[in-house]
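Okay, structure first, notes after.
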Amino acid sequence: MSETPMNTLQYRFDGPEDAPVLILGPSLGTTWHMWDRQIPELSKNWRIFRFDLPGHGGAPAYPAGSVTELAGRLLATLDGLGVQRFGYAGCAFSGAIGIELALRHPERIASLAVIAASPRFGSADEFRQRGVIVRSNGLDPIARSSPERWFTTGFAAAQPAITEWAVQMVRTTDPGCYIAACEALAAFDVRAELGRIGVPTLVLVGSDDQVTGPAEARTLVAGIPDARLAVVPGASHLVPVEQPAAVTDLLIRHFSTAWQPAYDSTTGQMAIPAAPVKPVLAAPPHVGPVAEIAPPVVQPAVLGRPDPYDAGIKVRREVLGDAHVDRALASADEFSGDFQDFITRYAWGEIWDRPGLDRRSRSCVTLTALVAGGHLDELAFHTRAALRNGLTPDEIKEVLLQAAVYCGVPAANSAFKVAQQVIREETTPQE
């Protein structure tokens with residue numbers, strides 16, 4: 001095990017010191033112990049490196065706000081240990097880390113397995129909403145609902161000890177690190193880049209996974225040139241825990257047969273093997289059409305000052321949510337379309353995107369201004385935005401109390417009614 005500086009990750013090794021390194025990465029809310037039942041067999045042929053996400057499993061609570069940052073911390077940890085080249089298997093969140101490594105640092109990865117993963121995990125709104133729930137209620141609501149997301153109903157009923165272990169893993173996670181991980185997943189979207197992944201890849205998924213299931217797995221296989229699909233029957237999201245023997249066998253077969261040679265350090269070149277056949281290791285009874293992956297859109301070069309629209313629409317979606325922005329844009333017509341462009345460019349691309357204030361501070365200013373102006377409709381969706389930007393209900397209450405002094409009690413009274421309703425809706429866990 002390890003001492004953990006801020007820019008690295010907590011880790012442990014298993015297996016012979018002279019064997020090739022194989023990394024096993026955990027899912028959000030779990031620890032490296034989710035891989036315990038794979039270790040006896042995998043460590044016969046590989047030196048197994050497992051890591052914990054920040055704030056998970058007792059790891060120091062240094063939040064990381066992006067998948068890119070976590071991939072960098074993992075590489076910094078490996079650099080400190082002298083590990084330059086490795087195989088990598090990651091479940092769910094750590095699958096995203098593996099995809100990031102394959103895209104940005106292909107020279108480090110000899111072979112890749114992504115488990116219960118996706119090029120985009122649900123919607124940004126979904127993960128930011130989860131962050132609001134945790135910020136307001138702690139991790140207990142997420143912990144109590146984890147077994148139904150992670151395991152099939154039959155497994156959860158038959159294995160109460162494992163089910164309780166899963167709940168306790170989530171409960172002991174640092175809330176700030178969990179929220180930061182939700183923000184990282186909200187921003188993760190590599191659908192247009194999958195074609196650049198050049199390492200041999202196994203895409204493994206449980207047949208009953210309702211979180212990132214076979215449809216997402218097929219999207220990965222369709223986009224990654226050298227990818228194979230394995231669907232494990234009778235398993236849900238945390239497939240290495242629910243079907244350990246099947247996962248172990250699939251990983252041994254993949255990493256034993258698909259290990260890409262290293263680059264030649266003198267030429268920077270790598271031997272290219274013959275194009276492999278892409279068999280399906282285990283397929284569901286019926287395989288539907290695979291989603292097409294849209295190629296990246298190449299924007300023409302723009303001279304002079306860049307158009308703030310792209311930055312504006314990105315910030316607007318991050319703050320207000322995709323659903324709100326989609327409704328606003330869909331309702332725009334010839335009469336109101338120019339106004340939507342205007343606020344996207346100048347309110348969101350010019351002002352909200354400025355570095356002088358963080359988004360929490362801008363939410364405080366915005367709520368106060370809306371109270372002063374009596375703009376209760378906008379106060380409602382900016383209260384939602386404030387929660388997404390990291391303000392707690394107590395902090396929003398303090399903003400409205402402050403506004404009562406300077407904007408007037410009647411205005412604040414109306415604002416409290418609106419904000420109270422929004423906070424109830426946004427912070428009540430869904431059963």
Side-chain angles (χ1 to χ4, degrees), residues 123-138 140-142 175 179 182-183 186 312-333 335-336 339-354 356-431:
S123 69
D125 286 354
E126 172 189 345
F127 282 101
R128 293 196 172 100
Q129 173 65 19
R130 193 185 297 186
V132 169
I133 295 294
V134 173
R135 196 175 289 115
S136 304
N137 301 278
D140 188 64
I142 304 296
I179 292 168
C182 287
E183 289 290 332
I313 199 67
K314 178 176 181 293
V315 174
R316 190 179 179 185
R317 288 185 178 280
E318 289 172 354
V319 173
L320 299 180
D322 287 332
H324 175 92
V325 176
D326 287 343
R327 284 194 301 271
L329 296 179
S331 64
D333 55 19
F335 180 76
S336 62
F339 176 71
Q340 290 296 323
D341 285 348
F342 172 78
I343 60 174
T344 299
R345 283 185 166 84
Y346 296 105
W348 298 101
E350 293 280 4
I351 302 302
W352 273 89
D353 199 38
R354 288 174 63 86
L357 292 175
D358 61 23
R359 290 185 185 174
R360 284 169 47 88
S361 300
R362 292 191 185 279
S363 278
C364 290
V365 173
T366 302
L367 291 177
T368 304
L370 293 172
V371 173
H375 304 301
L376 297 183
D377 287 343
E378 296 223 354
L379 180 68
F381 63 74
H382 271 286
T383 300
R384 289 188 178 87
L387 291 167
R388 292 161 62 94
N389 283 342
L391 290 178
T392 65
D394 283 344
E395 289 171 327
I396 292 173
K397 176 180 69 176
E398 293 301 322
V399 171
L400 297 183
L401 286 170
Q402 186 81 5
V405 175
Y406 292 96
C407 303
V409 170
N413 181 52
S414 298
F416 264 101
K417 291 177 182 177
V418 171
Q420 182 181 43
Q421 179 63 31
V422 170
I423 288 169
R424 283 176 178 166
E425 292 172 358
E426 294 296 308
T427 63
T428 301
Q430 300 297 314
E431 297 297 336

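No more than 12 heavy atoms of other residues, nucleotides or ligands shown are found within 6.0 angstrom of CG on Asp377.
The closest side-chain donor-acceptor pair between Asp322 and Ser123, if any, does not fall under 3.5 angstrom.
For Arg388 against Val319, the heavy-atom pair with the smallest separation is NE-O, 3.1 Å. Considering all non-hydrogen atoms of both residues, Val134 and Pro175 come closest at CG1-CB, 4.0 Å. Here the closest heavy-atom approach between residue Cys182 and residue Arg130 is recorded as SG-CD, 3.8 Å. Ala411 approaches Val371 most closely through the heavy-atom pair CB-O, 3.7 Å. The shortest heavy-atom contact between Ala124 and Ala186 is CB-O, 3.5 Å. Residue Leu367 comes nearest to Ala386 through the heavy atom pair CD1-CB, 4.0 Å, listed as atom of the first residue, atom of the second, then distance.
Side-chain N or O atoms of Arg317 include none that pairs as donor or acceptor with a backbone N or O of Val325 at under 3.5 Å.
Side-chain contact check for Leu379 versus Val422: every heavy-atom pair is 4.5 Å or farther apart. Counting heavy atoms from C-beta on, the side chains of Ser363 and Thr383 never come closer than 4.5 Å. Residues Gln340 and Ile343 meet the side-chain proximity criterion, which asks for heavy atoms closer than 4.5 Å. Side-chain contact between Arg354 and Arg362: present, with at least one pair of heavy atoms (C-beta onward) separated by less than 4.5 Å. In this structure, the side chains of Thr366 and Glu378 stay at 4.5 Å or more apart for every pair of heavy atoms.
Scanning for salt bridge (charged side-chain N to carboxylate O under 4.0 Å, His left out) contacts around Arg128 gives Glu183, with sequence neighbours left out. Every residue two or more places apart in sequence or in another chain was checked for a ring-ring contact (aromatic ring centres under 6.0 Å, His included) with Phe339, and none qualifies. Not a single salt bridge (charged side-chain N to carboxylate O under 4.0 Å, His left out) links Glu398 to another residue, sequence neighbours left out. Under the rule for a salt bridge (charged side-chain N to carboxylate O under 4.0 Å, His left out), the partners of Lys314 that lie at least two apart in sequence or sit in another chain are Glu318. Remark: Arg327 engages no residue in a salt bridge (charged side-chain N to carboxylate O under 4.0 Å, His left out) (not counting sequence neighbours).
To the nearest 0.5 Å, atoms NE2 (His324) and CG (Leu329) are separated by 9.0 Å. Separation of atoms CG (Asp140) and CD1 (Ile133) is listed at 12.5 Å; rounding is to 0.5 Å. In this structure, CG in Leu376 is found 13.0 Å from NE2 in His382, a value given to the nearest 0.5 Å. Atoms NZ and CG, on Lys397 and Leu391 in that order, are 13.5 Å from each other to the nearest 0.5 Å. In this structure, CG in Asn389 is found 9.0 Å from CZ in Arg360, a value given to the nearest 0.5 Å. The structure places CZ of Arg135 at 8.0 Å from CG of Leu387, a figure rounded to the nearest 0.5 Å.
Ring pair Tyr346/Phe342 is tilted by interplanar angle, where 30° to 60° counts as tilted.
The list of side-chain hydrogen bond (donor to acceptor under 3.5 Å, both in side chains) pairs with a residue in residues 399-427, not counting sequence neighbours, reads Arg384-Glu425, Arg384-Glu426, Gln421-Glu425.
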Would Ser361 and Asp358 count as a side-chain hydrogen bond (donor to acceptor under 3.5 Å, both in side chains) here? Give the steps. CA-CA 5 Å; Ser361 300; Asp358 61 23; 2.8 Å; yes

